Each structure stands twice: as structure tokens, then as C-alpha cells.
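Have a look at the structure below, then the notes.
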Amino acid sequence: MSNFGQLKKKSQANIDAISKEIEKISKGSESYKDDRFWSPERDKTGNGFAVIRFLPAPQNEDLPWARMFSHGFQGKGGWFIENCPTTLGLPCPVCEANNELWNSGVESDKDIARQRKRKLSYISNIYVVSDPANKQNEGKVFLYKFGKKIFDKISEKMKPQFEDESPMNPFDFWGGANFKLKIRTVQGYVNYDKSEFDNASQFLDGNDKELEKIWNMEYSLKEFSSPDQFKGYEELSAKLKQVLSGSNSMVTIADAGDGS
């Protein structure tokens, strides 16, 4: 049978398959989940526990993490959730508006600037050693997005403060260590203070064949600092005006101060 004949034979099946895809799209982007990313699950009390291993930089990349800034806040016109172009060393209309609010000398303006400030995040490849809440994740490579608190713990290991502590590279296959992620809820906020690195150890007993296999499974981190992941200044300015005022009209400092 010719290729065209096969196409005709499968015409109904093609309709069914395409209809299923349309149904997925019609559900909206809110349900989209990037399966490359892992996140620890917390129980009803807000606590969680897992053991992970930070992995080296992916092939042909220099750093084992991607560093990025973002904004997330709500105004009269909805939510503003966008990557901040200061990640790339470019100007950001939100940061500029925040600076203006902060320098106004009015305490309520400073509170608004704090709510809208840029948030620092890091993304790294990890290997899930133990995930009691989702055992199916164990032994797999994921991307993990984390904040300054965990990165500070990484930095403290790489550059210890005290003379009796030896530097350790947590991302190293042979001299790194497992990271025990201990999550609590303290005064309504997620807290990572009790998280800690285990003693330094060879990952997977230093089996080079297995380590290379894991390394080949890592995801590239370059995309998170790629210019196409960031909207331009004018587009961000227009969205900021719409979110803060509920319209596309110009926003003054007085308008920007009303985040209700």
C-alpha cells in the first residue's frame, strides 16, 4: 500500500488523535507542568524531607547552576509573573518603578516595593537519592529550582568560614555530598534552615561508567539565560501598566502605590 493509501486508511484514527490534542490544549496552560523539574512534597503540616545530590555542570557548559531573577505580584489588572531582564544585565521597568517607590521616603511605598521586588532563583541538575513521598522519583535526574537559602548552604561548603572546615564542592561526583532537604513551616513561611549536607562521599561508589551515564542524562541550563526567555522592555512596561491600573493607560507613582 502506498503512503497515500495508508493516510486514507488512517484518516479516522488521525481525527481521534488530533481531537485528543485539541482537548489537551483547550484545558489551558495553567495545567502545564514541566516534567523535567522536581520539587519536594510537603505533608499537611507543611513539613517535607528528601535526599538529593547536586550534579556537575552539563556537557559543554561551565557552571552547574543557572542564576535568574523574576517578579511575581498581583495588581488591579491581574498577576505580573515574568522573568526579570536584570538577569541578563538589562534594564527592567519593574525594578525602576520599585526604586522610585523606595526613594520616595514614604514607608507604605517601601512596603509595596518589597512586595514587588525581584526574586533570586537558581536551577541545577540533581539526582534524587531518596524521596519518601514519591518513591518513583528515586534514582532519576531532574532539574531543581531553589532559592538563596539553599544556595548559601552550597556557598558555605565551598568557602567555609572556619579553619577547621575543609572546602567541598557539592556538585562534584567524587568529592561532593548528599544534601538532606528538611522543610518546615515557620510562622507561615517555608523554612530550609535545618537542611544540611552529609559527609563528603563518592557518588555511586565512584563507578565511572554509572557516573558518565548520569552525566549524559543531565539537562542543559543555557536556556534559562537565553534572551528569548525574557520579554523586551517595552512589552514589560505595557504589561506592568495594565497589571497595576487594570488598563493600558499611563501609570503614575500614585497608581503604582495601589496594589489592591
Side-chain angles (χ1 to χ4, degrees), residues 27-55 64-75 78-84 87 94 98 107-108 110-158 160-161 168 170-171 176-201 203 219 221 224 243 259-260:
K27 291 180 179 179
S29 59
E30 293 83 358
S31 61
Y32 172 74
K33 180 179 181 296
D34 191 336
D35 291 332
R36 297 176 302 167
F37 281 85
W38 172 87
S39 60
E41 187 173 316
R42 291 183 284 154
D43 60 25
K44 294 179 180 179
T45 66
N47 297 333
F49 176 79
V51 180
I52 61 176
R53 183 91 177 203
F54 289 100
L55 300 178
W65 66 76
R67 179 175 179 266
M68 60 189 304
F69 292 101
S70 61
H71 294 280
F73 55 86
Q74 188 175 23
W79 280 92
F80 186 98
I81 302 176
E82 297 290 345
N83 292 334
C84 178
T87 302
V94 180
N98 283 348
E107 194 59 36
S108 59
K110 290 184 178 182
D111 289 338
I112 295 169
R114 291 187 187 98
Q115 294 169 10
R116 299 174 185 167
K117 70 179 182 180
R118 64 183 189 175
K119 179 182 178 182
L120 174 61
S121 298
Y122 298 87
I123 298 174
S124 289
N125 282 282
I126 63 162
Y127 177 94
V128 178
V129 178
S130 175
D131 186 352
N134 293 285
K135 303 291 282 186
Q136 70 274 13
N137 292 331
E138 295 179 359
K140 296 180 181 178
V141 173
F142 292 95
L143 291 171
Y144 177 46
K145 187 174 184 179
F146 55 97
K148 184 178 182 297
K149 175 66 69 173
I150 291 178
F151 192 80
D152 284 346
K153 290 182 178 293
I154 292 172
S155 299
E156 289 167 6
K157 281 296 179 183
M158 299 188 78
Q161 298 179 6
M168 181 193 76
F171 299 95
N178 290 345
F179 185 66
K180 293 183 284 188
L181 192 60
K182 301 177 181 180
I183 310 170
R184 300 179 298 152
T185 300
V186 179
Q187 297 180 346
Y189 294 93
V190 179
N191 184 284
Y192 297 94
D193 287 349
K194 289 189 176 295
S195 299
E196 60 184 348
F197 282 99
D198 211 337
N199 295 326
S201 63
F203 184 43
Y219 299 99
L221 301 173
F224 302 107
V243 166
S260 59

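None of these values were measured; they are calculated from a predicted model. The analysis underlying the following values was restricted to heavy atoms, covering all of them including side chains, and did not include hydrogens, waters or symmetry mates.
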Is any side-chain heavy atom of [Y] closer than 4.5 Å to one of [X]?
{"X": "Arg116", "Y": "Phe73", "value": "yes"}
{"X": "Leu120", "Y": "Phe151", "value": "no"}
{"X": "Glu196", "Y": "Lys182", "value": "yes"}
{"X": "Met68", "Y": "Ile123", "value": "yes"}
{"X": "Ile183", "Y": "Val190", "value": "yes"}
{"X": "Lys140", "Y": "Val128", "value": "no"}
{"X": "Glu82", "Y": "Val94", "value": "no"}
{"X": "Phe142", "Y": "Ile52", "value": "no"}

Between Lys135 and Glu138, does any NZ, NE, NH1 or NH2 come within less than 4.0 Å of an OD or OE carboxylate oxygen?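 Looking at Glu138 and Lys135, the cut-off is met.
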Check Lys149 with Asp152, please: is the shortest side-chain N to carboxylate O separation under 4.0 Å?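 Looking at Lys149 together with Asp152, the answer is no, because their closest N to O distance does not fall below 4.0 Å.
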Residues in salt bridge (charged side-chain N to carboxylate O under 4.0 Å, His left out) contact with Lys44, at least two apart in sequence or another chain: none
Can you give me the closest heavy-atom contact between [X] and [Y], atom names plus distance?
{"X": "Glu41", "Y": "Ala133", "value": "CB-CB, 3.9 Å"}
{"X": "Pro64", "Y": "Leu55", "value": "CB-O, 3.6 Å"}
{"X": "Pro132", "Y": "Ala50", "value": "CD-CA, 4.4 Å"}
{"X": "Ala177", "Y": "Asp198", "value": "CB-O, 3.3 Å"}
{"X": "Phe179", "Y": "Ser195", "value": "CZ-CB, 3.5 Å"}
{"X": "Arg114", "Y": "Lys117", "value": "O-CG, 3.2 Å"}

Measuring from atom CD1 of Ile150 to atom CZ of Phe54, what distance do you get when rounded to the nearest 0.5 angstrom?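 Between Ile150 CD1 and Phe54 CZ, I get 6.0 Å after rounding to 0.5 Å.
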Measure the CE-CG distance between Met168 and Asn199 for me, rounded to the nearest 0.5 Å. 9.0 Å
Starting from the C-alpha separation in whole Å, work towards a yes-or-no answer on side chain to side chain contact (heavy atoms under 4.5 Å, CB included) for Arg118 and Asn98. CA-CA 9 Å; Arg118 64 183 189 175; Asn98 283 348; over 6 Å; no
Can you confirm whether more than 12 heavy atoms, excluding those of Lys110, are under 6.0 Å from its NZ atom?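 Yes, NZ of Lys110 has more than 12 neighbouring heavy atoms, counting only those of other groups under 6.0 Å.
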Apply side chain to side chain contact (heavy atoms under 4.5 Å, CB included) to the pair Phe224 and Tyr219, showing each step before the final yes or no. CA-CA 11 Å; Phe224 302 107; Tyr219 299 99; over 6 Å; no
Establish, for the pair Arg53 and Tyr127, whether the NZ or CZ atom is under 6.0 angstrom from the six-membered ring centre and no further than 45 degrees off its axis. no
Can the ring centroids of Phe171 and Trp65 be said to lie less than 6.0 angstrom from one another? yes
Suppose we call two aromatic rings close when their centres sit under 6.0 Å apart. Are Phe146 and Tyr192 close by that rule?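 No; Tyr192 has its ring centre 6.0 Å or more from that of Phe146.
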Assess the residue pair Trp38 and Asp131 against the criterion (side chain to side chain contact (heavy atoms under 4.5 Å, CB included)); give the C-alpha distance rounded to whole Å, side-chain angles, the decisive distance to 0.1 Å, and a yes or no. CA-CA 10 Å; Trp38 172 87; Asp131 186 352; 2.9 Å; yes
What verdict does the side chain to side chain contact (heavy atoms under 4.5 Å, CB included) test give for Lys157 and Ile154, after you've listed the backbone C-alpha separation in whole Å, the side-chain angles of each residue and the deciding distance to 0.1 Å? CA-CA 5 Å; Lys157 281 296 179 183; Ile154 292 172; 6.0 Å; no
